[in-house]
Student: 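To start, I am sharing the structure in question, which I have written as structure tokens.
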Amino acid sequence: QVQLVESGGGLVQAGGSLRLACVASGGSFGSYAMGWIRQAPGKERECVAGISWSGGTIEYADSVKGRFIISRDNAKNTVYLQMNSLKPEDTAAYYCAADRNPWATMLVREYDWWGQGTQVTVSS
């Protein structure tokens, strides 16, 4: 069983930045693909970024491309999401998720383990 714990959420003004972190325990972090998925009230979950086991393959949703950066440190069992130029529409609960397969994916249904989420609120 894999446990995921996110941190770094908060309230920020539009145009600002936040860095989310997700620490994993249990399982084999270095062999899993990881992703960041967000959900705003009344909306479906959206995968905003996915990264392969090695970090060699990275994908982004069009809505965040050029503004968000996903990265991972396998030695620290940690995946990050650097969020820049934040917009009010980025307001959502952000979840870290792990896929037992090693390849990056943007499909929410592919993820096997999820964290509890961290709230990001962007004020205008």
Side-chain angles (χ1 to χ4, degrees):
Q1 189 71 14
V2 178
Q3 290 81 42
L4 303 170
V5 179
E6 304 96 337
S7 62
L11 173 64
V12 64
Q13 288 188 332
S17 298
L18 283 175
R19 189 192 196 203
L20 306 183
C22 171
V23 179
S25 59
S28 300
F29 177 81
S31 66
Y32 302 145
M34 299 296 296
W36 286 95
I37 294 98
R38 69 185 181 186
Q39 187 167 26
K43 294 188 176 182
E44 293 187 355
R45 291 178 298 180
E46 174 190 24
C47 184
V48 297
I51 186 169
S52 64
W53 68 278
S54 66
T57 301
I58 290 174
E59 300 181 41
Y60 296 101
D62 288 343
S63 58
V64 307
K65 202 169 292 182
R67 300 188 298 121
F68 290 11
I69 300 171
I70 187 172
S71 61
R72 68 188 296 164
D73 185 339
N74 288 347
K76 296 182 178 179
N77 285 3
T78 303
V79 62
Y80 304 95
L81 186 68
Q82 177 68 43
M83 304 185 294
N84 301 319
S85 302
L86 283 161
K87 304 174 181 180
E89 51 263 44
D90 294 319
T91 295
Y94 282 73
Y95 299 89
C96 167
D99 177 4
R100 69 180 74 241
N101 294 309
W103 312 285
T105 181
M106 297 296 285
L107 297 176
V108 173
R109 66 177 182 268
E110 292 292 317
Y111 288 95
D112 299 293
W113 301 285
W114 294 71
Q116 293 299 307
T118 186
Q119 180 66 34
V120 171
T121 303
V122 184
S123 62
S124 57

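If you read the sequence from its start, that first residue is 1, and numbering goes on from there.
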Student: Atom CZ in Arg67, atom OG in Ser85: separation rounded to 0.5 Å?
Tutor: 7.0 Å
Student: Considering residues at least two apart in sequence or located in another chain, which fulfil the side-chain contact (heavy atoms from CB on, under 4.5 Å) criterion with Pro88?
Tutor: Ala14, Val122, Ser124
Student: What closest approach, in Å, do Ala92 and Ala40 show between heavy atoms, and which atom pair accounts for it?
Tutor: CB-N, 3.8 Å
Student: Using side chain to side chain donor-acceptor pair (under 3.5 Å) as the criterion, list what pairs up with Ser17, not counting sequence neighbours.
Tutor: Asn84
Student: Please round to the nearest 0.5 Å and tell me the distance separating atom CG of Asn74 and atom CE of Met34.
Tutor: 9.5 Å
Student: Any sub-3.5 Å donor-acceptor pair from Thr78's side-chain atoms to Lys76's backbone N or O?
Tutor: yes
Student: Any ring-ring contact (aromatic ring centres under 6.0 Å, His included) pairs touching residues 37-79, not counting sequence neighbours?
Tutor: none
Student: Using side chain to side chain donor-acceptor pair (under 3.5 Å) as the criterion, list what pairs up with Asp73, not counting sequence neighbours.
Tutor: none
Student: For Met83, which of Ile69, Leu18, Val48, Ile70 qualifies under side-chain contact (heavy atoms from CB on, under 4.5 Å)?
Tutor: Leu18
Student: Show me the side-chain donor-acceptor pairs of residues 20-33 shorter than 3.5 Å, one per line, residues at least two apart or across chains.
Tutor:
unit_1 : atom_1 : unit_2 : atom_2 : d
Ser25  : OG     : Gln3   : OE1    : 3.4
Ser31  : OG     : Ser28  : O      : 2.8
Tyr32  : OH     : Ser28  : N      : 3.2

Student: Please give the remaining members of the hydrophobic cluster of Trp114, linking ILVMFWY side chains under 4.5 Å, ordered by chain and number.
Tutor: Ile37, Tyr95, Val108, Tyr111
Student: Under the salt bridge (charged side-chain N to carboxylate O under 4.0 Å, His left out) rule, what pairs show up with a residue in residues 114-124, not counting sequence neighbours?
Tutor: none
Student: SG/Cys47 to CH2/Trp36 distance, rounded to the nearest 0.5 angstrom?
Tutor: 11.5 Å
Student: For Lys65, check side chain to side chain donor-acceptor pair (under 3.5 Å) against everything at least two apart and list the hits.
Tutor: Asp62
Student: If you measure from CG on Leu11 to OG1 on Thr91, what distance do you get to the nearest 0.5 Å?
Tutor: 8.5 Å
Student: Do Gln39 side-chain atoms and Ala93 backbone N/O form a donor-acceptor pair below 3.5 Å?
Tutor: no
Student: Run the side chain to side chain contact (heavy atoms under 4.5 Å, CB included) test on Cys96 and Val79 for me, step by step, so that the C-alpha distance in whole Å, both residues' side-chain angles and the decisive distance to 0.1 Å come before the verdict.
Tutor: CA-CA 8 Å; Cys96 167; Val79 62; 3.7 Å; yes
Student: For residues Tyr80 and Arg19, determine if any side-chain heavy atom of one lies less than 4.5 Å from a side-chain heavy atom of the other.
Tutor: yes
Student: Output every pair passing salt bridge (charged side-chain N to carboxylate O under 4.0 Å, His left out) with a member in residues 31-41, not counting sequence neighbours, ordered by first then second residue.
Tutor: Arg38-Glu46, Arg38-Asp90
Student: Tell me the salt bridge (charged side-chain N to carboxylate O under 4.0 Å, His left out) pairs involving residues 48-57, sequence neighbours left out?
Tutor: none
Student: Decide yes or no for Thr57 and Trp103: does some side-chain heavy atom of the first lie under 4.5 Å from some side-chain heavy atom of the second?
Tutor: no
Student: A quick test of your reading: do over 12 heavy atoms of other residues, nucleotides or ligands sit less than 6.0 Å from CD of Gln119?
Tutor: yes
Student: Please list all pairs meeting salt bridge (charged side-chain N to carboxylate O under 4.0 Å, His left out) that have one or both residues in residues 105-124, counting only residues at least two apart or in different chains.
Tutor: Arg100-Asp112
